Amino acid sequence: MNFEEQCYELLKKIPEGKVTTYKHLAKALGSNGARAVGNACRKNPNAPQVPCHRVVKSDGMLGGYAFGVDQKARLLRKEGIAVSDKLRVNLEEYLFEF
DNA sequence: TATTTGACCAAGA
DNA sequence: ATCTTGGCCAAAT
């Protein structure tokens, strides 16, 4: 199991209608490098399997998405998450921690 | 082996 | 509020 795979495994555990942050995710992986997580996601070899769109920055901003932030925002909204016009979500309400 | 890059973060100016 | 700085970690070059 390498870092990336663990990353995906965790991502798959995020329930619908919830999001997590790169930082929390990193910590759950026993690391302090939030970028390493994003790095793993952006490659994302298993695009359809892993819900990379449920990961946002620690301040609630979406961050980025391999297929475009617009898609990310749409998917999230489709799952019942309110994404503000400026690509932002309510962490208080949707944050999921491991 | 060394450097750069990236879907980041927190603290300071 | 915006910008810079230094720090973080893994993968790619």
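No experiment lies behind these values; they were computed from the predicted model shown. Each chain gets a letter, A, B and so on, in the order its sequence line appears, and its residues count up from 1.
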Between Glu79(A) and Lys18(A) (salt bridge meaning N to carboxylate O under 4.0 Å), is one present in this structure? no
Taking the P atom of each, how far is dG6(C) from dA7(B), in whole Å? 22 Å
Any chance you could measure Cys41(A), atom SG, to Tyr22(A), atom OH, to the nearest 0.5 Å? 6.0 Å
Contact list (N/O, under 3.5 angstrom) for nucleotides 1-9 of chain C vs protein:
from, atom 1, to, atom 2, distance (Å)
dG7(C), O6, Arg35(A), NH1, 2.9

Output for pair (Arg54(A) CZ, Leu75(A) CG), nearest 0.5 Å, gives 9.0 Å
For atom NE2 of His24(A) and atom P of dC8(B), their distance in whole Å: 16 Å
Under the 3.5 angstrom rule, does the side chain of Lys72(A) hit a backbone N or O of Val55(A) as a donor-acceptor pair? yes
Is it the case that the side chains of Gln71(A) and His53(A) hold a donor-acceptor pair, with the cut-off being a distance below 3.5 Å and no angle test? no
Is the base of dA7(B) touched by the side chain of Tyr65(A) through a donor-acceptor pair closer than 3.5 angstrom? no
Measure CD/Glu5(A) against P/dA10(C) and give the value in whole Å, please. 15 Å
Separation of dA10(C) P from Leu25(A) CG (nearest whole Å): 13 Å
With a 4.5 Å limit on heavy-atom distance, are the side chains of Leu95(A) and His24(A) in contact? yes
Strictly below 4.0 Å, heavy-atom distances to any atom of DNA chain C: list the hits from residues 76-98 of chain A, or just say none. none
Nearest 0.5 angstrom please: Glu16(A) CD to Leu76(A) CG, how far? 11.0 Å
Which residues pass the ring-ring contact (aromatic ring centres under 6.0 Å, His included) test with Tyr65(A), sequence neighbours left out? Phe67(A)
